[in-house]
Amino acid sequence: MRHLMSPLDFSVEELDRLFDLANDIEKNREKYSHACVGKKLATCFYEPSTRTRLSFESAMLSLGGEVLGFSDAASSSAAKGESVSDTIRMISCYSDICAMRHPKEGAPMVASTHSRIPVINAGDGGHQHPTQTLTDLLTIRSLKGRLSDFTIGLCGDLKFGRTVHSLINALSRYDNIKFVFVSPEELRIPEYIIDNLKEKNIPYEEVISLEEVMPKLDLLYMTRVQRERFFNEEDYVRLKDFYILNKEKMVLAKDDMLVLHPLPRVNEISVEVDDDPRAVYFKQVQYGVYVRMALILTLLEIDTTKL
Ligand code: NCD
């Protein structure tokens with residue numbers, strides 16, 4: 001039995017197969033619509049989420065399966081003091097696969113060691129968010145036709161943004177990727193990630209000005225400032241509008257640069273950018289459902305050749 005804790009749990013070849021499956025699902029939705037009849041997905045969300053949880057639920061329903069779960073720790077037995085390991089033992093009796101989001105780093109990992117069913121990390125604190133990364137990679141691969149040879153700018157809250165940490169981790173395995181980290185001083189990328197890049201000799205630069213690097217980017221990954229992980233409101237207020245991507249800045253970008261964002265967006269991308277063909281963050285949401293469908297099929301070991 002397999003779980004998904006980090007995007008690195010799958011080899012590059014396995015990811016390719018997963019993305020091929022997701023692209024086939026995109027083209028042949030009907031073929032997969034009964035693939036998970038009789039199976040149940042539990043969504044255990046100890047932290048607020050709409051997109052990720054609904055994306056998982058939509059994925060399972062599109063496969064003909066069913067969903068159950070909770071969307072807030074206060075309405076689960078965690079409020080009574082139940083441990084994650086007890087919860088997953090119980091969930092293992094109620095469902096076939098579980099997607100778990102938790103504010104504590106490593107909680108889904110702890111759950112997986114006590115689980116009889118596959119556990120998917122749907123975001124753990126400021127640590128990892130592997131299914132968002134699968135979504136990001138599928139979007140890039142589908143729209144650009146490759147996952148190598150890119151200069152990618154990651155902009156915003158690089159300190160607390162778990163989607164950023166997961167994406168860097170995953171892209172580091174492809175050839176000729178250059179990272180450009182754009183953040184205010186206070187929200188710089190964690191040192192352990194930089195050490196990792198240095199160790200692998202992967203080129204990166206850290207800058208404050210987005211305008212300055214815009215012309216050389218093939219991909220721009222915008223992120224919101226993660227209010228819930230700040231220690232005080234003043235710092236948040238000071239930093240929240242540090243970057244606002246608008247039409248003016250888009251003029252500086254390549255004609256085929258893609259703008260991605262894991263969403264929710266706050267102010268960091270002006271709505272006037274939404275109509276720009278290079279803005280693909282809403283397409284990304286759709287790819288998120290396809291890749292989660294492919295992931296559920298893969299972890300449940302459903303033989304898709306028989307569909
Ligand atoms: C991201 C997350 O939860 O980390 N959202 C998501 O999964 N779509 C990004 C964010 O909350 O900023």
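Positions are given from 1 along the sequence. For ligands, and for the atoms within them, numbers begin at 1 and follow the listed sequence.
Interface atoms of ligand 1 facing Arg162, defined by a heavy-atom separation under 4.0 Å, are 2 (C), 3 (O), 4 (O). The contact set between ligand 1 and Arg51, taken as ligand atoms under 4.0 Å from a residue heavy atom, comprises 8 (N). Set against the non-hydrogen atoms of Thr52, the atoms of ligand 1 under 4.0 Å away are 6 (C), 7 (O), 8 (N). Per-residue contacts place Arg101 under 4.0 angstrom from the following atoms of ligand 1 (heavy atoms of the residue considered): 3 (O), 7 (O). Taking a cut-off of under 4.0 Å to the non-hydrogen atoms of Arg224, the atoms of ligand 1 that pass are 10 (C), 11 (O), 12 (O). When each atom of ligand 1 is checked for a heavy atom of Gln132 under 4.0 Å away, the hits are 6 (C), 7 (O), 8 (N).
Using the six-membered ring where Trp is involved, Tyr287 and Tyr290 have ring planes that are perpendicular, over 60° apart on the 30 and 60° scheme. Between His102 and Tyr46, the ring-plane angle classifies as tilted under the 30° and 60° cut-offs.
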Evaluation steps, ring pair (Phe, Tyr, Trp, His ring centres under 6.0 Å), between Phe150 and Tyr174: CA-CA 10 Å; Phe150 288 120; Tyr174 295 91; 9.4 Å; no
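Annotation: atom 6 (C) of ligand 1 to nearest protein heavy atom, Leu263 O, 3.4 Å. Given atom 7 (O) of ligand 1, the protein heavy atom at minimum distance is His129 NE2, 2.6 Å.
Salt bridge status for Glu268 with Arg265: absent, with no side-chain N to carboxylate O gap under 4.0 Å. Using a 4.0 Å cut-off between a side-chain N of Lys or Arg and a carboxylate O of Asp or Glu, Arg17 and Glu13 do not qualify as a salt bridge.
Considering backbone and side-chain atoms together, Pro264 places no N or O closer than 3.5 Å to any N or O of ligand 1. For a threshold of 3.5 Å applied to N or O pairs, the pair formed by Thr163 and ligand 1 contains no separation below that value.
Closest approach of Asp149 and Asp218 over heavy atoms only: O-OD2, 4.3 Å.
A donor-acceptor pair is defined here as one N or O able to donate and one able to accept, closer than 3.5 Å; such a pair exists between the side chain of Thr113 and the backbone of Val110.
In summary, of the residues considered (His165, Arg162, Arg101), a side-chain hydrogen bond (donor to acceptor under 3.5 Å, both in side chains) with His129 occurs for Arg101 alone.
With a heavy-atom cut-off of 4.0 Å, His261 does not touch ligand 1 at all.
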